[in-house]
Each structure stands twice: as structure tokens, then as C-alpha cells.
Trainee: 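Let me give you the structure first, and then I'll get to my questions.
These values consider heavy atoms only, across backbone and side chains, with no hydrogens, waters or symmetry-generated copies. First listed ligand is number 1; within each ligand, the first listed atom is number 1. Nothing here was measured: the structure is a model prediction, and the numbers come from that model.
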Amino acid sequence: MSTRRVAVVTGGARRLGRHLCLMLADRGYDILCLYRTSEPDARSLVQDIQARGGRARSLRVDVSQRGEVAEAFENIREHEGRVDLLVNNVGNYNPQDVTLLDPSVWDETIGANLSGAYYCCYHALGLMHDGGQIISIGMAGLEGIRANRRGADYYVSKTGLLVLTRALAAGYAERKIRVNMISPGQLDNSVDLPGPDEIGQEVPPLARSASRAFVSDWR
Ligand SMILES: NC(=O)c1ccc[n+]([C@@H]2O[C@H](COP(=O)([O-])OP(=O)(O)OC[C@H]3O[C@@H](n4cnc5c(N)ncnc54)[C@H](OP(=O)(O)O)[C@@H]3O)[C@@H](O)[C@H]2O)c1
């Protein structure tokens with residue numbers, strides 16, 4: 001078993017996930033980057049981390065497929081033997097109007113964002129010592145209660161993930177496993193980010209997007 005802390009980041013090859021992998025590697029974690037389609041990005045991420053003196057591997061897995069998630073964590077059990085931190089970063093966002101939402105898209109979003117996160121939690125917890133951590137990235141809170149025509153599948157999945165997060169936090173409290181969810185608001189890479197003139201109405205009160213540096217206080 002590895003003597004170093006191991007972090008598993010889903011959707012880790014690009015954008016926010018990549019930033020998280022690099023930041024966690026700099027903090028001394030060995031990184032398992034799970035990706036689905038972004039193989040070249042995953043490969044270059046591993047190289048970047050190794051060039052900075054860290055350790056990383058990548059694994060291809062569609063998190064909506066139970067069997068693939070089980071295989072990925074079996075691979076981690078064989079190689080690293082532990083998981084100290086799981087970051088559920090996968091987040092398929094589909095800004096479709098609810099009147100046009102196709103059931104196949106619904107299934108895909110719920111499968112990736114909610115069921116996939118649960119499969120990863122389930123297997124990661126089996127490899128986690130007391131004191132481990134699970135962090136899910138979301139967009140939960142207000143969107144769970146206010147009417148919004150766009151992105152219903154996404155907001156249902158992320159609100160469900162919040163319910164799961166609270167249940168796991170209660171269920172694993174005795175083992176001091178910290179389970180929480182971060183809702184960063186619109187990031188500086190958001191496809192929905194309003195222009196500078198409108199951002200004050202959309203993202204009050206600071207009138208600016210969240211920076212990917214929001215993770216700077218993670219331990
Ligand atoms: N961007 C924002 O403004 C914003 C705001 C609030 C919250 N968030 C949340 O922050 C997280 C990251 O945001 P982002 O914009 O960086 O995400 P993103 O680029 O849209 O997606 C992250 C990764 O998810 C992976 N993915 C999607 N479906 C998958 C599946 N079935 N199995 C495995 N991997 C899958 C993709 O991996 P591959 O590329 O390998 O296919 C993708 O690179 C998400 O959870 C999102 O909901 C984002």
C-alpha cells in the first residue's frame with residue numbers, strides 16, 4: 001500500500017478538474033485522474049505533475065457505468081491500496097429548456113452527475129481510512145428550490161448530490177470522514193457567464209465570476 005496520500009478526481013483531465021489535480025499534487029497527494037474522453041489531456045496532466053516532482057496516473061472510466069467504476073477502483077486497490085480524498089467533479093451541464101428535454105439526455109445527466117458520484121463514493125469509501133474526505137462540486141442550493149426552465153436535469157442531479165452528501169456526512173461521521181459539497185457559482189470558464197454589463201444582476205453581490213482558486217483552502 002502507498003504510504004502517500006491518494007486523491008481521486010473524476011473528470012480530472014480538463015478545466016476545473018485539471019486545476020484541482022495540479023493543486024492537490026502540489027499539496028503532496030498522489031493523483032488518480034479519472035477521465036472519459038479526454039485521453040490526450042489526461043496524459044499531458046500526468047506528465048505535468050511528474051515534471052513538478054509529483055506522482056499521478058490516469059484511468060479511463062465512464063462514471064455512469066457501475067461496472068467501469070468498480071473496475072477503476074479495483075485497479076486503485078491493487079496499485080495504491082488506499083483513497084484519502086475523492087473529488088466528484090464530473091458535471092455534465094446541459095442548458096436545455098425543460099420543454100425540450102429529451103429523456104435520453106436526462107438519463108445521461110443523472111447517470112454521470114448523480115449515480116456516477118454515488119458509485120465513486122461507494123467504492124472510494126471501501127478504500128478510505130478514518131479521517132478521509134469526499135468533496136463533491138455542485139451547483140446546489142438556490143437552484144434546488146427556485147423555478148428555472150433551463151438545465152433541469154443538471155439541477156436535479158446536483159440537488160440530489162447534495163442530499164447524498166448530507167446522508168454520507170451523517171453516516172460516516174463516527175469515522176471522521178468529512179463529506180461536503182461546494183457550490184462555487186459561475187466559474188470564470190462558465191458557458192453561461194454573462195457579459196461584464198450584466199454580471200451584477202446575475203452574480204450579485206460581487207459582480208464577478210468565481211475564480212478556480214476557490215479551492216485554495218482545501219487541506
Ligand atoms: N464551470 C462552471 O461555471 C461551474 C459552476 C458551478 C459548478 N460547476 C461544477 O464544477 C465541476 C467542473 O466544472 P467544469 O465546467 O470544469 O466541467 P466540464 O468541463 O463540463 O466537465 C468536467 C469533466 O466531466 C467529465 N465527464 C462528463 N461525463 C462523464 C462521465 N459519464 N464519465 C466520466 N467523466 C465524465 C468530462 O471528462 P472527459 O473530458 O474526459 O470526457 C469533463 O472533462 C462540475 O461538477 C460542474 O457542475 C461548474
Trainee: With heavy atoms under 4.0 Å as the rule, classify the contact between E108 and ligand 1 as side chain, backbone, both or neither.
Mentor: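 Under 4.0 Å from ligand 1, E108 contributes no heavy atoms.
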Trainee: Taking atom 37 (O) of ligand 1 as the point of reference, which of R15, R18, R36 owns the nearest heavy atom?
Mentor: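 Shortest heavy-atom distance from atom 37 (O) of ligand 1: R36.
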Trainee: Is any side-chain heavy atom of R60 closer than 4.5 Å to a side-chain heavy atom of Y35?
Mentor: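 Sidechains of Y35 and R60: in contact.
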Trainee: Which part of V63 is near ligand 1, with near meaning a heavy atom under 4.0 Å away: side chain, backbone, both or neither?
Mentor: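 Within the 4.0 Å criterion, V63 contacts ligand 1 through backbone and side-chain atoms alike.
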Trainee: Indicate yes or no: does D97 engage R149 in a salt bridge with an N to O separation below 4.0 Å.
Mentor: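 Salt bridge between D97 and R149, a charged N being under 4.0 Å from a carboxylate O: yes.
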Trainee: For ligand 1, which atoms have a heavy atom of R14 less than 4.0 angstrom away?
Mentor: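 Counting atoms of ligand 1 from 1, those under 4.0 Å from R14 are 39 (O), 43 (O).
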Trainee: For the 3.5 Å polar cut-off, considering only N or O atoms, please tell me whether S38 and ligand 1 meet it.
Mentor: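 So ligand 1 has an N or O lying under 3.5 Å from an N or O of S38.
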Trainee: Over 60° means perpendicular and under 30° means parallel, so tell me whether Y93 and Y154 are parallel, tilted or perpendicular.
Mentor: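 Y93 and Y154: perpendicular rings.
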Trainee: As an exercise, identify every atom of ligand 1 less than 4.0 angstrom from a heavy atom of N89.
Mentor: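 By the 4.0 Å cutoff, the relevant atoms are 11 (C), 12 (C), 44 (C), 45 (O).
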Trainee: Answer with yes or no whether Q65 contacts ligand 1, where contact means a heavy atom under 4.0 Å from a ligand atom.
Mentor: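 No.
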Trainee: Judged on heavy-atom distance to atom 7 (C) of ligand 1, which of G17, G138, G12, S183 sits nearest?
Mentor: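 It is G138 that holds the nearest heavy atom.
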Trainee: Is there a donor-acceptor contact under 3.5 Å from the side chain of R175 to the main chain of M128?
Mentor: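 Yes; at least one donor-acceptor contact below 3.5 Å.
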Trainee: May I ask whether G111 has any heavy atom positioned less than 4.0 angstrom from an atom of ligand 1?
Mentor: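 No, G111 has no heavy atoms under 4.0 Å from ligand 1.
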Trainee: Sub-3.5 Å donor-acceptor pair from the side chain of N89 to the main-chain atoms of T10, do we have one?
Mentor: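 Yes, the answer is positive, given that a donor and an acceptor are paired below the 3.5 Å cut-off.
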Trainee: Find out whether I134 and L125 are in side-chain contact, i.e. whether some heavy atom of one side chain is under 4.5 Å from a heavy atom of the other.
Mentor: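 Side-chain contact under 4.5 Å: yes.
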Trainee: With a cut-off of 4.0 Å, which atoms of ligand 1 are near a heavy atom of Y35?
Mentor: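 Counting atoms of ligand 1 from 1, those under 4.0 Å from Y35 are 40 (O).
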Trainee: Within the side chain of R66, is there an N or O that forms a donor-acceptor pair under 3.5 Å with the backbone of Y119?
Mentor: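 It does not hold such a pair.
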Trainee: With distance as the sole test, does R5 use its side chain to make a donor-acceptor pair with the main-chain N or O of L85 at under 3.5 Å?
Mentor: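 A pair under 3.5 Å: no.
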Trainee: Using a strict cut-off of 4.0 Å, indicate which atoms of ligand 1 neighbour a heavy atom of T37.
Mentor: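 Close to T37: 38 (P), 39 (O), 40 (O), 41 (O).
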Trainee: Is ligand 1 under 4.0 Å from a heavy atom in the side chain of Y93, in the backbone, in both, or in neither?
Mentor: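 Looking at Y93 and ligand 1, no heavy atom falls under 4.0 Å.
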Trainee: Between E108 and D153, is the side-chain contact (heavy atoms from CB on, under 4.5 Å) condition met? List the steps.
Mentor: CA-CA 9 Å; E108 219 174 284; D153 51 338; over 6 Å; no
Trainee: May I ask whether N92 has any heavy atom positioned less than 4.0 angstrom from an atom of ligand 1?
Mentor: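 The answer is yes, since N92 has a heavy atom less than 4.0 Å from ligand 1.
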Trainee: Taking only heavy atoms of D62, which atoms of ligand 1 are found under 4.0 Å from at least one of them?
Mentor: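 Contacts of ligand 1 toward D62, numbered from 1: 30 (C), 31 (N), 32 (N).
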Trainee: Checking contacts here: is it the side chain or the backbone of V61 that comes within 4.0 Å of ligand 1, counting heavy atoms only? Could be both or neither.
Mentor: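 The answer is the backbone of V61.
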Trainee: Within ligand 1, which atoms have a heavy atom of I137 less than 4.0 Å away?
Mentor: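 Once the distances to I137 are compared, the set is 9 (C), 10 (O), 11 (C), 45 (O).
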Trainee: Using a 4.0 Å cut-off to any heavy atom of Y154, which atoms of ligand 1 qualify?
Mentor: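 Within the 4.0 Å cut-off of Y154, ligand 1 contributes 7 (C), 8 (N), 9 (C), 46 (C), 47 (O).
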Trainee: Counting only nitrogen or oxygen atoms and a 3.5 angstrom limit, does A112 reach ligand 1?
Mentor: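 No.
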Trainee: Check the side chains of R18 and S44 for a donor-acceptor pair under 3.5 angstrom, ignoring hydrogens and angles.
Mentor: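 Yes - a donor-acceptor pair under 3.5 Å links their side chains.
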Trainee: For G91, counting its heavy atoms only, list the atoms of ligand 1 lying under 4.0 Å from any of them.
Mentor: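 Ligand 1 atoms under the 4.0 Å threshold to G91: 20 (O), 44 (C), 45 (O), 47 (O).
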Trainee: Evaluate the side-chain contact (heavy atoms from CB on, under 4.5 Å) criterion for residues Q96 and V105: first the C-alpha distance (whole Å), next the side-chain angles of each, then the deciding distance (0.1 Å), finally the verdict.
Mentor: CA-CA 10 Å; Q96 184 69 271; V105 175; 6.0 Å; no
Trainee: Go through N88 and T165 one step at a time and tell me if the side-chain contact (heavy atoms from CB on, under 4.5 Å) criterion holds.
Mentor: CA-CA 11 Å; N88 285 312; T165 297; over 6 Å; no
Trainee: Once you restrict to heavy atoms under 4.0 Å, what part of A13 touches ligand 1? Side chain, backbone, both or neither.
Mentor: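 Neither; nothing of A13 gets under 4.0 Å from ligand 1.
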